Structures are given as structure tokens and as C-alpha cells.
Q: 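Mind looking over this structure? Questions follow.
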Amino acid sequence: MVQKIWYTYDDIHQVLKALAEKITAGSVKFDAMIAIGGGGFIPARILRCFLNIPIYAVTTAYYDGDSDGRPTDAVRKIQWLDPLPESLKGKNVLVVDEVDDSRVTMEFVLNELRREHLGEIGVAVLHEKIKEKTGSIPEDVHYFSGITVEDWWINYPWDACDIVEHNRLASAAKP
Ligand code: G4P
Ligand code: MG
């Protein structure tokens, strides 16, 4: 059975504050974020409290298997920055997502963005799962993660239909 973990908005806010400190202490000054929706939207918005840079967005959907159960590992664009806004040309951008899992989505997004006329590219994820990765992050991309976590299924508060029950499960699991 897959192990599960629950994080509250407060847990996430604190990790994002620490993540912002790592980003600010790094060698690159980022001009804007590009959130990968849906999971990257709320982390990017909270990061903005600390980084004070504008948020742009792309949205992808990931499919790990077709209807016959064959693995496809396909990422599809739901919405894209196409064409890239003039205001992003030559700028240093920080790609934001909630979780570094297989890196399939991350690799897809980074490869698409590296074709554009951007400056430096960074990636910031709230949770970095320690596991074998299918996709890869190019070496010239600056990488930041809030915390490393076990390869468990993470329940995010923004997915909760009952936030009170979600918070109860999060606190029950705390040591
Ligand atoms: P990665 O490149 O960033 O590592 O992501 P990957 O393609 O492996 O992720 C595939 C989808 O699975 C993503 O959703 C990701 O958010 C989701 N995912 C992976 N691990 C977890 C987890 O532990 N908990 C939850 N809740 N989701 C997880 P997506 O297709 O981008 O959808 P969306 O929810 O972001 O809209
Ligand atoms: Mg996502």
C-alpha cells in the first residue's frame, strides 16, 4: 500500500518562506515566476509574498498510462505562454511547481522554455521526493527545493474537499 502524508497550508507556507530565502541567497536574481498549474499556482502565490516578482503561468496535464494500461508518460499543454510575452524576453525566470516527483512534467516544461529567448532559468519546488527520476533537469537550470520528502503520496490542502478533516489527518500524523 502506498504511504500517504498530509500537509496543511501552514506547513506549506513555512516551507515556502525557507525556500524563498534559499532562492534569494542564490547567485541569480529572478525577474519573474512561471507557475506550472494546477499544483504550482498556490506555491507561486505564496512565494510572491517573499520574492516580490510577478507570476506568469502555464498549465499541463500528465498521463501515466492510456486506457489499455500501457505506460505513456505523456505531458499535454492545457495553456501556454505562446507567444512568449515581450515582458519575459531575456529575463531570468523561476519555474514553480508543488512537487518534484518523476520529473517528466518538469523536463517537458524546461525543454519548451529553453527554446525561448529567456535569461537564466531556475526551478523551485515545494517538495522534492527522494526517488529515482524518469525525467531530468538540464545542468544549466538552477534548482531549489523547500524540503526533501519520502516517496509517499502527498495530500495537498488545495485538493481537500473537507479541509477540517484534512487538517485533522495532518495533525494526527505529526510526531
Ligand atoms: P514532476 O515533473 O514535477 O516531477 O511531476 P510529474 O510529471 O512526475 O507529476 C505528475 C502529476 O502527478 C503532477 O500533476 C503532479 O502534481 C502529480 N503528483 C506527483 N506526486 C504527487 C503527490 O505526492 N501528491 C499529489 N497530490 N500529486 C502528485 P499534474 O498533472 O501537474 O496535475 P496538477 O494537480 O498539478 O494540476
Ligand atoms: Mg502539477
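A quick note: this is a predicted structure, and the numbers were derived from the prediction, not measured. Both counts, for ligands and for their atoms, begin at 1 and track the order of listing.
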Q: Considering non-hydrogen atoms of the protein only, which is the closest contact for atom 24 (N) of ligand 1, and what is the distance?
A: I154 O, 2.8 Å
Q: For ligand 1, which atoms sit closer than 4.0 Å to a heavy atom of W152?
A: 23 (O)
Q: Quick check: is W80 connected to V104 through a chain of hydrophobic side chains (ILVMFWY, heavy atoms under 4.5 Å apart)?
A: yes
Q: Give a yes or no on whether atom 13 (C) of ligand 1 lies under 4.0 Å from any heavy atom of the protein.
A: no
Q: Ignoring angles and geometry beyond distance, decide whether N155 reaches within less than 3.5 Å of ligand 1 through its nitrogen or oxygen atoms.
A: no
Q: F108: heavy atom below 4.0 Å from ligand 1, yes or no?
A: no
Q: Could you identify the single nearest non-hydrogen protein atom to atom 10 (C) of ligand 1 and state the distance to 0.1 Å?
A: Y62 CD2, 3.3 Å
Q: Which atoms from ligand 1 have a heavy atom of G39 less than 4.0 Å away?
A: 33 (P), 35 (O), 36 (O)
Q: Hey, is atom 17 (C) of ligand 1 touched by any protein heavy atom at less than 4.0 Å?
A: no
Q: Within a strict 4.5 Å, meaning less than it, do heavy atoms of the I137 and L110 side chains meet?
A: yes
Q: Within the structure, does at least one protein heavy atom fall under 4.0 Å of atom 36 (O) of ligand 1?
A: yes
Q: Under 6.0 Å from the CD atom of Q79, do we count more than 12 heavy atoms belonging to anything else shown?
A: yes
Q: Using the six-membered ring of Y143, assess whether NZ or CZ of R103 lies under 6.0 Å from its centre and within 45 degrees of the ring axis.
A: yes
Q: Looking at K133 and D101, is any side-chain nitrogen of the basic one under 4.0 Å from a carboxylate oxygen of the acidic one?
A: no
Q: Select the closest option to atom 4 (O) of ligand 1 among T60, D101, V95, I36, judged by heavy-atom distance.
A: D101
Q: Select one of side chain, backbone, both or neither to describe which atoms of E107 lie under 4.0 Å from any atom of ligand 1, heavy atoms only.
A: neither
Q: Is there at least one protein heavy-atom neighbour under 4.0 Å from atom 26 (N) of ligand 1?
A: yes
Q: Short list, please: which atoms of ligand 1 are under 4.0 Å from a heavy atom of D100?
A: 4 (O)
Q: Does a side-chain heavy-atom distance below 4.5 Å link V164 with N167?
A: no
Q: If you count heavy atoms of other groups shown closer than 6.0 angstrom to NZ of K4, is the number above 12?
A: no
Q: Could you say whether the N/O atoms of V99 and ligand 1 ever approach to under 3.5 Å?
A: yes
Q: Between L113, V93, D31, which is the residue that forms a side-chain contact (heavy atoms from CB on, under 4.5 Å) with L88?
A: V93
Q: Considering only heavy atoms of R103, which atoms of ligand 1 have at least one such atom less than 4.0 Å away?
A: 1 (P), 2 (O), 4 (O), 8 (O)
Q: Taking the six-membered ring for Trp, are Y7 and H127 closer than 6.0 Å centroid to centroid?
A: yes
Q: Taking the six-membered ring for Trp, are H13 and F50 closer than 6.0 Å centroid to centroid?
A: yes
Q: Check E120 with K29, please: is the shortest side-chain N to carboxylate O separation under 4.0 Å?
A: no
Q: K129: heavy atom below 4.0 Å from ligand 1, yes or no?
A: yes
Q: Verify the contact flag for atom 8 (O) of ligand 1, where contact means a protein heavy atom under 4.0 Å away.
A: yes
Q: What protein heavy atom sits nearest atom 28 (C) of ligand 1, and how far away is it?
A: W153 CH2, 3.4 Å
